[in-house]
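Here it is, the structure in full.
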Amino acid sequence: MNQTHIIQATTQWVETKMSGETTGHDWWHTWRVWNASLKIQAIEGGNSFIIQMAALLHDMGDHKFFDGVDKTRETALYWMDQFAGISNEEKQHIADICEQLSFKGAEVDTNMHTIEGKIVQDADRLDAMGAMGIARAFAYGGKKGRMLHEPSVKPVMHKDFESYKNAKGTTINHFHEKLLLLYDRMQTKTGKAIAKRRTLFLNQYLETFYEEWDSKDFDSL
Ligand code: ADP
Ligand code: NI
């Protein structure tokens, strides 16, 4: 199978597996990350095959699908092993990207070291910001039975993945614990430019949220 066919087969498999998932890891999330990765790649370069495969496979073994156990690396390798057209080096690179991609807490360093990794990670991070990120955060919070906001509960800057993963904070705190921190961690110039706009929108949203919370918008009547 050539690379185009491998990407086609992978797309079909991922779409089938992820359709209907409702914790923010549905097929359309992967589709947006794939698309955004290609947009960044067109400007910043990098190996398009590696980038596309990593974008497509990045959430297939997520710990949220496997009772908290991360199976990203093995799921990606399991899928790729059937194709003779991918070298071992490529497989390892793609699996490395998938494994290291996820946000694991405010104080955990998960930055990538290859251009392909930086691009897919930036694309994944962009989908957690802006209008899309807000929608995903509340969808995730609802699914997990989280409160929208509780003024007495303050955001926590998680120092390790365990505490981040097990936290039961409010969805508004998730903005402070993750979403607003992403801008500083963007690794490509193109990703950062888009992140700037999307972060601005997050801040505008939060400002309005707090204003409405206290009925401050009545003040300007
Ligand atoms: P990724 O795997 O893309 O790094 P996550 O698995 O951490 O991202 O999260 C998937 C989506 O759900 C993201 O949009 C993220 O911001 C959101 N999310 C994750 N944890 C929470 C949470 N505790 N509260 C609200 N939204 C969350
Ligand atoms: Ni993702």
Side-chain angles (χ1 to χ4, degrees), residues 14-15 17-18 21-37 40 51-73 75-76 94 97-112 117-150 153-158 160-183 185-187 191 195 198-199 201-202 205-206 209:
V14 174
E15 183 170 0
K17 288 270 182 193
M18 297 189 119
E21 211 285 330
T22 52
T23 60
H25 285 118
D26 60 308
W27 158 245
W28 290 112
H29 161 65
T30 294
W31 179 83
R32 290 189 300 269
V33 172
W34 180 29
N35 246 339
S37 296
I40 302 174
I51 290 170
Q52 293 189 70
M53 288 299 284
L56 288 166
L57 293 171
H58 84 276
D59 270 337
M60 286 302 288
D62 193 271
H63 65 94
K64 293 184 200 70
F65 294 141
F66 297 101
D67 288 333
V69 184
D70 185 82
K71 300 207 173 177
T72 307
R73 181 176 202 91
T75 308
I94 293 163
I97 297 175
C98 294
E99 187 176 30
Q100 293 160 28
L101 203 71
S102 243
F103 183 83
K104 296 187 171 66
E107 295 192 21
V108 185
D109 176 10
T110 46
N111 281 346
M112 294 285 177
K118 289 175 202 279
I119 287 175
V120 183
Q121 190 172 50
D122 274 8
D124 189 41
R125 287 171 169 172
L126 284 173
D127 208 48
M129 301 177 210
M132 208 51 68
I134 296 171
R136 291 177 77 216
F138 286 108
Y140 182 96
K143 180 97 178 172
K144 296 275 168 180
R146 305 280 168 76
M147 296 185 68
L148 296 182
H149 179 46
E150 167 52 62
V153 179
K154 299 297 168 213
V156 181
M157 293 300 121
H158 298 106
D160 56 68
F161 188 37
E162 274 309 298
S163 58
Y164 171 70
K165 197 166 74 176
N166 297 323
K168 306 249 180 305
T170 68
T171 300
I172 286 295
N173 278 352
H174 185 68
F175 283 64
H176 300 287
E177 291 166 358
K178 173 181 173 184
L179 311 188
L180 294 171
L181 308 177
L182 295 174
Y183 174 72
R185 293 163 194 230
M186 299 301 287
Q187 299 180 84
R198 295 194 184 187
T199 302
F201 189 72
L202 288 178
Y205 175 79
L206 280 178
F209 183 98

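Each ligand, and each atom within it, is numbered from 1 in the order the structure gives. Predicted model only: the values in this text are computed from it and were never measured.
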For this session: Could I get the full list of salt bridge (Lys or Arg N to Asp or Glu O under 4.0 Å) partners for E99, not counting sequence neighbours?
Result: R73
Seminar exercise, completed: For the Ni ion (ligand 2), the nearest N/O/S atom on H58 is atom NE2
Exercise. Taking atom CH2 of W27 and atom CZ of R32, what is their separation to the nearest 0.5 Å?
Worked result: 11.0 Å
Exercise. Ligand 1 versus R146, non-hydrogen atoms closer than 4.0 Å: side chain, backbone, both, neither?
Worked result: side chain
Exercise. With atoms numbered from 1 as shown, which atoms in ligand 1 lie under 4.0 angstrom from a non-hydrogen atom of D59?
Worked result: 2 (O)
Exercise. What atoms of ligand 1 come within less than 4.0 Å of a heavy atom belonging to L179?
Worked result: 16 (O)
For this session: Would you check if the Ni ion (ligand 2) lies under 2.8 Å from any N, O or S atom of D127?
Result: no
For this session: Answer yes or no: is there a donor N or O on one side and an acceptor on the other, between the side chain of H58 and the main chain of A55, under 3.5 Å?
Result: yes
Exercise. Polar-atom distance check: H58 versus ligand 1, any N or O pair below 3.5 Å?
Worked result: no
Problem set entry | Pairwise distance OG(S37) to NZ(K118) - rounded to 0.5 angstrom | 14.5 Å
Problem set entry | Closest D59 atom to the Ni ion (ligand 2) [N, O or S only] | OD2
For this session: Calculate, to the nearest 0.5 Å, the distance between atoms CE and OG1 belonging to M147 and T170 respectively.
Result: 8.0 Å
Problem set entry | D122 (side chain) donor-acceptor with Q187 (main chain) under 3.5 angstrom | yes
Seminar exercise, completed: Those residues at least two apart in sequence (or on a different chain) that pass salt bridge (Lys or Arg N to Asp or Glu O under 4.0 Å) with E162 are K165
For this session: State whether the shortest distance between N or O atoms of D127 and N or O atoms of ligand 1 falls below 3.5 angstrom.
Result: no
For this session: Measure the acute angle between the ring planes of F209 and Y205, then classify it against the limits of 30° and 60° as parallel, tilted or perpendicular.
Result: tilted
For this session: Among the N/O/S atoms of D124, select the one at the shortest distance from the Ni ion (ligand 2) and name it.
Result: OD1
Seminar exercise, completed: Among H174, Q121, M132, H29, the residue with a heavy atom nearest to atom 16 (O) of ligand 1 is H174
Seminar exercise, completed: The atoms of ligand 1 lying under 4.0 Å from a heavy atom of D124, numbered in the order shown, are 1 (P), 3 (O), 4 (O)
For this session: Please check if the side chain of R125 supplies one atom and the backbone of G191 the other of a donor-acceptor pair under 3.5 Å.
Result: no
Seminar exercise, completed: ligand 1 to R136, heavy atom cutoff 4.0 Å, flagged ligand atoms 10 (C), 11 (C), 13 (C), 14 (O)
Exercise. How does K178 reach ligand 1, by side chain, by backbone, by both or by neither, if only non-hydrogen atoms under 4.0 Å count?
Worked result: side chain
